[in-house]
2 protein chains.
Amino acid sequence: MTANPVDTEEKIKEAAQRIFLEKGFDGATIRDIAEAAQINTALTNYYFRSKEKLFWLVYESMLKEALKSVQTIMEKPTSVKEKLVELLDHMFEVHAENPNKAIFFMNECRRNPQGFADKIGINCGAMEQCFNTQFEEEVKKGLIIDISPDTIFPLIFGLIQQIFAGRELTMHLFQMSEAEFDKHALEQKKVIKEMLLKYLFIK
Amino acid sequence: MTANPVDTEEKIKEAAQRIFLEKGFDGATIRDIAEAAQINTALTNYYFRSKEKLFWLVYESMLKEALKSVQTIMEKPTSVKEKLVELLDHMFEVHAENPNKAIFFMNECRRNPQGFADKIGINCGAMEQCFNTQFEEEVKKGLIIDISPDTIFPLIFGLIQQIFAGRELTMHLFQMSEAEFDKHALEQKKVIKEMLLKYLFIK
DNA sequence: AACAATTTTAAACACTTGTTTAAAATAATT
DNA sequence: AATTATTTTAAACAAGTGTTTAAAATTGTT
């Protein structure tokens with residue numbers, strides 16, 4: 001081993017993630033990434049063979065990381081209500097940190113659904129399993145209204161993603177500055193949380 | 001005037017809209033559009049001068065149409081509750097008809113916010129004006145909880161958009177077929193509507 | 001220090017992109 | 001019918017794309 005090849009590899013991955021998040025696969029060029037990583041264009045192919053391979057690597061790692069953090073929350077020994085609140089807060093944090101994530105995930109999955117299925121192939125159903133059981137029990141106990149967790153689980157994601165996916169659109173349609181949007185986003189989160197809890201939990 | 005130049009022009013616009021919706025500005029090529037419209041590549045430039053000019057034309061007309069239909073609803077002489085229900089149903093219909101619209105709007109606005117502001121420059125605030133007044137009156141009357149219409153208005157859009165923007169992602173993460181997703185979308189709408197109305201309106 | 005292996009570079013490659021051109025085909029006008 | 005104007009086409013253009021190559025620079029090994 002020589003120099004700091006791992007550092008270079010990591011530098012490229014980080015730059016790639018940044019650029020892909022910002023411009024998407026179609027909009028990002030290998031030269032954009034090279035410039036962001038301050039390396040020669042050919043190096044991306046030296047380390048990752050192709051733009052597409054680099055992309056899927058970055059994409060998969062981001063998705064896996066996102067789902068892992070969700071799983072961690074869902075496996076905690078707490079009530080459904082606590083889990084949902086923590087999930088909402090967590091999702092908000094993640095997307096607030098980088099508002100491009102929401103639209104990036106939606107976008108790239110739509111651009112190439114087959115690639116998503118083939119190369120990522122995540123089974124979200126298995127992950128929910130323990131949560132689903134717990135949810136249904138609390139429904140039986142009369143703590144939660146009669147609704148399927150299959151309806152609620154995707155809803156949680158969507159409710160938070162929605163705030164940030166339409167960020168730029170909202171800012172322009174309603175003439176907000178970035179600071180104003182940040183305030184707006186927090187307000188949205190508050191409303192969504194109250195709305196969801198009031199709807200789901202009895203009493 | 002000769003042949004059916006208007007037809008050709010319209011044919012290109014329709015094809016462009018279809019392709020742009022599907023692939024976005026970056027992902028769509030002038031050759032894709034030409035093929036979809038069954039015309040020669042050069043014709044798109046003959047009628048519209050450039051890919052970008054064609055794009056903004058299509059984009060603007062779509063946005064204007066979408067906002068106009070919203071405005072029509074907001075100007076009706078009905079209660080806030082009736083307006084919100086009609087707005088939710090209408091937005092759902094629009095996006096259900098073409099699930100690409102939601103992500104397309106968000107995406108293209110983010111890709112080029114300046115172009116959006118410069119070339120579209122829509123004042124959504126003015127459109128809301130009459131609704132805002134009505135909303136605040138109903139809050140005063142004690143019909144609606146104490147909340148600003150500035151919070152609710154963008155929320156309505158987001159709540160419905162969210163269902164369809166993440167369509168492909170949801171389908172793959174939760175392993176749904178298209179038919180299953182359609183059922184899921186209707187269920188989501190029902191929940192969102194109930195949730196919002198229960199939250200907003202007193203008693 | 002001399003050699004080998006690895007990493008980095010500049011340059012070029014083949015291909016796709018949006019766009020233009022100049023000729024052909026078609027329609028309108030006289 | 002002849003001429004003009006308009007529409008359509010095939011072909012080429014310049015610029016940008018991902019990728020490869022072969023030489024240079026750097027690092028590791030003997």
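Letters go in sequence order (proteins before strands), and every chain restarts at 1.
We find that CG of B:Asp7 is positioned 15 Å from C1' of C:dT26, with the value rounded to whole Å. Whole-Å rounding puts the B:Glu52 CD to C:dT19 C1' distance at 13 Å. For A:Lys53 and D:dG18, the NZ to P distance is 15 Å, given to the nearest whole Å. In this structure, B:Phe48 places its CZ atom 14 Å from C1' of D:dT7, rounding to the nearest Å. Rounded to a whole Å, the CZ atom of A:Phe55 is 14 Å from the P atom of D:dT19. The separation between B:Lys51 atom NZ and C:dT16 atom P is 16 Å, rounded to whole Å. In this structure, B:Leu54 places its CG atom 11 Å from P of C:dG18, rounding to the nearest Å. One atom, CG of B:Asn45, and another, C1' of D:dT6, lie 17 Å apart when rounded to the nearest Å.
Taking the ring axis of B:Phe20 as reference, the NZ or CZ atom of B:Lys51 does not stay both within 45° of it and closer than 6.0 Å to the ring centre.
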Report all side-chain donor-acceptor pairs from residues 92-103 of chain A shorter than 3.5 Å, counting only partners two or more places apart or in another chain.
{"from": "A:His95", "atom 1": "ND1", "to": "A:Met91", "atom 2": "O", "distance (Å)": "3.1"}
{"from": "A:Asn98", "atom 1": "OD1", "to": "A:Asn100", "atom 2": "N", "distance (Å)": "3.1"}
{"from": "A:Asn100", "atom 1": "OD1", "to": "B:Arg110", "atom 2": "NH1", "distance (Å)": "3.0"}

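At a cut-off of 3.5 angstrom, counting only N and O atoms as typed in the model, there is a donor on one side and an acceptor on the other between the side-chain of B:Arg31 and the base of C:dG18.
The residue B:Thr44 sits apart from the nucleic acid: no heavy atom pair falls under 4.0 Å.
Interface residues of residues 19-30 of chain B facing DNA chain C, ordered by number: B:Ala28, B:Thr29, B:Ile30; criterion, heavy-atom separation under 4.0 Å.
Classified by interplanar angle (parallel below 30°, tilted 30° to 60°, perpendicular above 60°), the ring pair A:Phe164/A:Phe181 is perpendicular.
Here the side chain of A:Lys76 pairs no donor or acceptor atom with the backbone of A:Lys83 at under 3.5 angstrom. Proximity of a side-chain donor or acceptor of A:Glu138 to a complementary backbone N or O of A:Phe135 within less than 3.5 Å is not detected.
Ranked by how close their nearest DNA chain C nucleotide is to the 5' end, A:Thr41 and A:Tyr46 are led by A:Tyr46.
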Please evaluate residues B:Tyr47 and B:Lys13 with respect to the criterion side-chain contact (heavy atoms from CB on, under 4.5 Å), reporting the C-alpha separation (whole Å), side-chain torsions for both, the decisive distance (0.1 Å), and the verdict. CA-CA 10 Å; B:Tyr47 280 104; B:Lys13 263 204 250 183; over 6 Å; no
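Considering only side-chain N and O atoms, A:Asn40 lies nowhere under 4.0 angstrom from the phosphate OP1 or OP2 of C:dT8. For the pair B:Thr8 and D:dT8, the criterion of a side-chain N or O lying under 4.0 Å from OP1 or OP2 is met. Look at A:Tyr47 and you'll find a side-chain N or O under 4.0 angstrom from OP1 or OP2 of C:dT8.
Contact check on B:Glu194 versus B:Lys198 returns no salt bridge, with no Lys/Arg side-chain nitrogen under 4.0 Å from an Asp/Glu carboxylate oxygen.
In this structure, of D:dT9, D:dT19, C:dT19, it is D:dT9 that holds the atom nearest to the side chain of B:Leu43.
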